[in-house]
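Beneath this line is the structure, given in structure tokens, with notes to follow.
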Amino acid sequence: MSRRHGAIGACLLALALMRVCMGADQPATSPSGETPQQRDARLAWWREARFGLFMHWGIYAIPANEWKGLEKKNSPPGLGAEWIMYNAKIPVAEYEPLARQFNPVKFNADEWVHIAADAGMKYMVITAKHCDGFAMFASKASKYNIVDATPFGRDPMKELKAACDKQGMRLGFYYSHSWDWHEPDALGLDNTWDFPDRAKKDINKYLASKSLPQVKELLTLYKPAILWFDVPNDLKPEHSRQFLDLIRALQPDCVVNDRIGNGMGDYGTPEQFIPAGRPDSLFEVCMTLNNHWGYDKNDHHWKPAGEVIRNLVDIVSKGGNYLLNVGPTAEGVFPPEAIRILAEVGQWMKVNGQSIYGTTAGPFAALPWGRCTAKPGKLYLHVLDWPADGRLLVPGLKTNVVQAHLLADAQHKPLSVTRAGEQDVAVALPGEPADPADTVVVLEIEGEPVVDLTPVLFNQPQYRNVFGASAAKLHGKTIRYGGRNMGQQIYDHIGSWKDAADWAGWDCRAIAPGAFDVVITCKADAAQQGNEYMVNIADQQLTGQVNATGEKSTFKEFKVGTVTISGPGRYELTVKPKTIKPGTALMDLHAVTLVPVRK
Ligand code: FHN
């Protein structure tokens with residue numbers, strides 16, 4: 001495979017992944033001709049569910065991201081185990097024999113469903129066919145499947161469906177409808193080591209002979225609640241339409257993700273990151289429990305249960321779902337660490353589930369101590385950073401609070417609630433949190449929450465008042481809000497700030513006098529070193545100099561100085577360039593943080 005092919009592949013991948021992983025293909029109008037009411041009814045269970053299990057399982061679990069003894073250095077970060085065929089450019093003739101070794105005798109569908117249910121998950125999505133082309137179900141369309149090509153000979157999708165129905169769990173299938181490294185005519189990020197001549201490839205042939213027939217089989221044999229397609233590049237609108245028409249004909253209520261392509265899905269799928277702001281359409285964040293989708297025998301970077309709970313709360317507080325992934329082993333079991341962590345998450349969900357299921361995004365802008373989810377007449381305050389002084393300020397809540405209690409307290413012993421001025425409420429909390437990961441305070445309120453969304457400056461030293469790029473008002477011709485990149489360190493930012501007249505601003509409200517250290521989080525390359533900017537608030541001005549922050553995507557924090565807010569009131573925080581060296585942009589600014597100075 002020539003260097004040129006490699007380069008094309010790599011940028012194709014980056015582009016395709018960037019688009020889908022940003023959840024870019026958001027549906028404008030309902031592509032299935034449904035009325036908004038019909039669509040809402042069809043998606044109601046999915047919006048209520050909020051938390052699901054993703055499983056990447058296939059014959060790639062056998063090499064477990066090692067090939068010929070070499071741990072395969074992953075091409076794109078985190079895309080390893082299920083990508084071993086692509087990353088190691090394994091010929092079909094060498095990869096297919098893995099099927100003859102695949103015999104997951106320890107597979108127990110009831111157990112898998114029980115682990116998910118016990119973790120508080122309401123639906124499961126499993127890889128029926130990943131990009132390696134191997135079907136994990138009884139497919140007549142291709143003999144390259146688990147029933148016909150393995151010693152196992154059983155159909156795990158049939159068994160999972162039965163177990164899900166028994167335990168009231170919804171089952172969905174991941175299906176790679178565009179990419180297939182086993183097939184000579186598949187496109188997308190294709191197999192160029194067995195089938196180098198791209199010009200000869202006819203995607204319609206692959207779709208008609210394998211992809212569409214297998215999706216039809218999945219719909220007919222297992223009646224899935226969800227079809228979770230993956231990177232749709234090279235699929236034209238008429239292709240996505242073919243899949244959608246098939247689904248609407250055979251499983252009208254099936255929920256479909258945006259990666260069906262061409263704006264024909266029901267929801268966006270940000271991958272491995274949580275949107276900073278609140279997307280204005282349905283979304284589901286998919287994320288690995290360690291660093292890999294498929295089983296990787298060397299990956300022990302497990303997210304602790306507390307991190308999983310906080311991710312879930314962060315996502316649900318923005319109106320999203322969380323699809324958390326596990327890669328089962330070739331024997332057919334979940335890694336023990338995954339089972340342990342999911343059980344711990346389940347403990348929290350057993351106490352706090354009502355603050356997740358069927359909730360909507362909370363009404364508040366920024367809450368330095370945590371997040372908020374809502375139901376009619378109730379606000380669930382998720383306290384992730386317990387106030388050392390026991391005073392939980394609920395900023396901008398104008399609505400009358402009827403009662404407050406800890407969700408974990410079965411007696412619902414009332415907590416003392418005081419109104420701090422017309423706009424704010426304070427709840428007196430006990431000394432210690434019930435759960436350090438997240439302790440939920442329930443506020444029962446009169447009617448719909450009415451909230452002043454102007455961020456409030458918290459004076460309690462433990463809280464940081466973060467004014468993020470996604471919330472800034474941008475002024476000028478060149479200044480832009482920038483997305484994210486696929487990497488572990490993910491930062492959104494204000495960038496391409498070339499015009500010294502351009503500036504960024506945030507409104508805020510102080511409820512008491514106080515001093516704050518001003519810290520900016522930014523990234524800059526060597527050329528930007530020396531650019532200068534001014535931070536203004538409350539008639540005070542600080543001048544800062546831009547420092548280079550190292551290689552490509554390193555964001556760093558810099559203290560610019562200290563400001564003093566003399567008293568309650570509304571203020572505007574601004575960042576304006578002072579000098580921008582010719583041919584450069586000021587910097588990439590992720591956030592300005594006002595940190596209360598400890599007295
Ligand atoms: O390449 C795949 C990857 O293997 C995995 O399936 C993820 C899950 O969302 N999707 C693609 C990368 O975006």
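When a ligand or atom number is given, it counts from 1 through the structure's own listing order. Quantities reported herein were computed from a predicted structural model and do not represent experimental measurements.
Residue Trp179 has no N or O atom closer than 3.5 Å to an N or O atom of ligand 1. Of the polar atoms of Trp83, at least one N or O is found under 3.5 Å from an N or O of ligand 1, judged by distance alone. Polar contact check, Trp228 against ligand 1: no nitrogen or oxygen pair lies under 3.5 Å apart.
For the pair Lys161 and Tyr222, the cation does not sit on the ring face, since its NZ or CZ is not both under 6.0 Å from the ring centre and inside 45° of the axis. In this structure, Arg259 is not positioned above the aromatic face of Trp228 in the sense of NZ or CZ being under 6.0 Å from the six-membered ring centre and within 45° of the axis. A cation-pi arrangement is absent between Lys297 and Tyr295, since the terminal nitrogen or guanidinium carbon is not both under 6.0 Å from the aromatic centre and inside a 45° cone about the axis.
Salt bridge status for Glu183 with Lys210: present, with a side-chain N to carboxylate O gap under 4.0 Å. Ion pair Asp266/Arg42 flagged as a salt bridge, since at least one NZ, NE, NH1 or NH2 atom sits closer than 4.0 Å to an Asp/Glu carboxylate oxygen.
When His292, His130, Glu271 are ranked by how near their heavy atoms come to atom 7 (C) of ligand 1, first place goes to Glu271.
Residues satisfying the ring-ring contact (aromatic ring centres under 6.0 Å, His included) criterion with His177, sequence neighbours excluded, are Phe229, Phe243.
For ligand 1 and Arg259, the ligand atoms under 4.0 Å from any heavy atom of the residue are 9 (O), 10 (N), 13 (O). Close approach of ligand 1 to Cys286 (heavy-atom distance below 4.0 Å) involves ligand atoms 9 (O). Close contacts of ligand 1 with Tyr174, meaning ligand atoms under 4.0 Å from a residue heavy atom, involve 6 (O).
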